[in-house]
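Please read the structure below before turning to the comments.
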Amino acid sequence: MKAVFRRTLTMLLLLLVSSFAVFAAIRLSGGDVTAARLPASASAADRALFRQQVGLDKPIINQYFTYLRKLATGDLGNSLTNNAKLSTLATEKIRNSLILGGSSMVVIFALGIPLGMLAAMRRNSWLDTGITSISVAGMAIPNFWLALISIYVFSTLLGWLPSAGQGGIRYLILPTLVLSAEGIALTVRMTRSAMLENLGQDFVRTLRAAGVSERRIHFKHVLRSSLMPLISLAGLRIGQIAGYALVVETIFGWAGVGQALVNAVLRRDYPVVQLFSLLLVVLVTFGNLMATVGYTVANPRLRK
Amino acid sequence: MTRALLGVEKLSVGVHVSGLSYDIVRDVSFDLYQNEILAVVGESGCGKSLTALSMLSLQSSPPLRVTSGVVMFGGKDLLTLPRAELRMVRGKEISMIFQDPMSALDPMFTVGTLLTTAVRAHQNVNKARAEEISLAALADAGIEDPRRRFGEYAFQLSGGISQRVMIALALVNNPKVIIADEPTTALDVTVQAQILERLLVLKKERGMSIILITHNLGVVASVADRVAVMYSGEIVETGSVAEVFRGAQHPYSHGLLRAVPRLGSAAQSLTAIPGRVPQPTEISAGCVFAPRCERVKPMCHEMRPALEIRRSSAVRCHNPID
């Protein structure tokens with residue numbers, strides 16, 4: 001419990017530091033927000049006036065404190081490109097991203113764990129070799145490439161699934177699979193090796209000697225011990241998925257946080273970049289926190 | 001003599017590594033009778049644990065597998081029993097207690113869950129009844145506060161309590177035979193005595209038969225009825241404890257007994273057996289003990305002696321001690 005408390009404190013500190021880092025980095029990276037907002041014909045004076053209006057002419061540190069003050073009162077600010085209130089804009093994007101990220105998390109473990117178990121229980125069979133080889137590919141193939149290939153195969157060639165956009169569950173399938181690929185592969189390999197390791201433990205022999213069935217030994221006892229490393233994996237996966245979402249959402253035209261963040265960076269829409277980058281930081285640290293909490297709760301030795 | 005409850009006949013267990021096979025347990029035969037404790041004694045690596053594990057097909061296979069022999073129990077050969085039937089024997093008819101109780105208990109589940117899982121593997125009872133049976137087994141294993149231990153995890157238990165939990169786990173389905181593989185080796189001396197006392201009580205009160213694997217001759221003398229001495233994968237002598245301890249006929253058992261320090265005898269250096277145990281790859285056609293034997297005869301190097309009945313013991317020797 002103490003560890004969880006310490007983690008929470010570190011998390012808050014980390015948020016503060018990274019909020020400033022993001023704030024400063026996007027302003028120091030050059031580029032011009034006026035290009036996206038004002039017509040190309042706008043004069044230098046017009047551009048300067050616009051900057052002054054939104055407060056971009058002040059020193060960065062002053063801007064940062066204004067930003068923090070507003071944040072404390074719950075004012076997230078407005079987009080610089082279309083003046084929309086960020087709180088309204090963000091709700092929609094976050095919802096979309098949660099749908100995609102959430103289904104990826106589910107798919108990763110719903111597919112990865114059973115496949116890993118299967119490979120371990122049929123060790124050295126063609127099934128094991130098949131599952132293991134595909135999972136190596138899953139880890140090696142970059143997701144942008146996998147996204148393009150899967151669009152080409154399933155949308156262009158076969159015409160089974162839509163290539164981009166939002167709609168029913170059909171629109172969710174390709175982006176979810178691409179976003180999950182690496183996670184599934186990692187889960188398969190971790191489950192397989194943990195199962196094999198635990199099958200060699202003394203306690204398995206004890207259970208066998210007591211006449212407990214092989215199925216029960218595998219599915220209850222060995223699996224329980226083997227899930228422990230996966231809890232940490234799950235926590236870290238949350239952050240990974242959040243990061244990969246930038247690429248996957250952009251390619252599949254999924255109107256989520258990732259896509260919005262990429263667009264905002266291209267347009268130098270500072271408030272949007274700040275908000276969504278911070279959201280990613282929150283997600284990553286939250287994932288780590290969840291790993292600690294989950295591990296503590298699941299392990300009787302730590303729980304007691 | 002009554003019929004044996006369990007009979008091991010010419011059991012050989014081999015290891016298969018990188019294309020080569022060696023038998024590391026050879027031609028092991030012994031009988032176990034109702035209501036007795038049979039000690040299998042020998043130094044580390046002599047194959048006593050492997051023999052015990054192989055009887056219930058619990059050896060890690062691959063690389064270890066039984067190459068010949070039968071293990072007769074209840075009119076059936078346990079080694080050729082289908083998996084499902086073998087499972088019904090394990091824990092229900094014959095159960096096992098292992099050497100290192102701390103790692104032999106699943107760390108993720110409470111003692112209670114482990115016990116009730118074992119109960120329900122063999123008995124079709126509801127949860128409450130399984131719990132009753134488990135608590136009774138904990139009490140029978142000599143645990144003073146069964147209800148408290150029932151809710152604890154393996155890591156919360158001391159070595160002695162863990163071993164008692166192992167005993168409870170072995171007892172919970174009321175088997176006829178318990179194979180105890182070095183049950184006291186990992187424990188301190190006072191706890192050792194308590195565990196052995198518990199095994200004796202089980203034999204007396206329940207008429208159980210126990211195979212006690214140990215390297216400790218003191219343990220053999222204090223609890224066993226009969227003893228089988230193993231050397232380098234073979235049984236070299238078997239007989240009643242009284243007889244073997246009074247006058248061992250095989251030079252190895254004789255040497256082993258002389259190597260035990262005795263309280264009260266004049267301080268002198270212990271008698272050691274010269275040489276070392278042969279590797280499985282070095283087993284020759286003759287007697288396995290011949291290279292170290294002080295009574296060796298020319299034929300010992302050429303022909304392997306059979307286990308022959310002499311007086312009321314059985315000895316594997318061409319030139320036994322009278």
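Computation of the quantities below employed the complete heavy-atom set of this structure, encompassing side-chain atoms and omitting hydrogens, waters and symmetry-equivalent molecules. Protein chains get the first letters and strands the later ones, always in sequence-line order, with residue 1 at the start of each.
No part of B:M88 comes within reach of chain A, as not one of its non-hydrogen atoms sits under 4.5 angstrom from that chain. Heavy atoms closer than 4.5 Å to chain A are found in the side chain of B:L169, but not in its backbone. Residue B:P107 touches chain A through both its backbone and its side chain, counting heavy-atom pairs closer than 4.5 Å. In this structure, the portion of B:L114 lying under 4.5 Å from any heavy atom of chain A is its side chain and not its backbone. With a 4.5 angstrom heavy-atom cutoff, B:R120 does not touch chain A via any of its atoms. Only the side chain of B:L53 comes within contact range of chain A, with at least one heavy atom under 4.5 Å from a heavy atom of that chain. Residue B:S60: no heavy atom, backbone or side chain, is found under 4.5 Å from chain A.
Ion pairing between A:K93 and A:E249 fails under the 4.0 Å rule for side-chain N and carboxylate O. B:K48 and B:E182 are joined by a salt bridge, as a carboxylate oxygen and a charged side-chain nitrogen come within less than 4.0 angstrom of each other. Using a cut-off of 4.0 Å between Lys/Arg side-chain N and Asp/Glu carboxylate O, B:E144 and B:R149 are scored as not salt-bridged. The pair B:K127-B:E131 does not count as a salt bridge, with every side-chain nitrogen at least 4.0 angstrom from each carboxylate oxygen.
Note: A:F203 and A:H221 fail the aromatic proximity criterion, with ring centroids not under 6.0 Å apart.
Test B:R198, B:R164, B:R206 against B:D140 for salt bridge (charged side-chain N to carboxylate O under 4.0 Å, His left out) and you get one pass: B:R206.
For chain B, the option among A:K220, A:R216, A:M228 with the highest count of heavy-atom pairs below 4.5 Å is A:K220. Contact count versus chain A (heavy atoms, under 4.5 Å) is highest, among B:G91, B:A121, B:A104, for B:A104.
A donor-acceptor contact closer than 3.5 angstrom is absent between the side chains of B:Q156 and A:R301.
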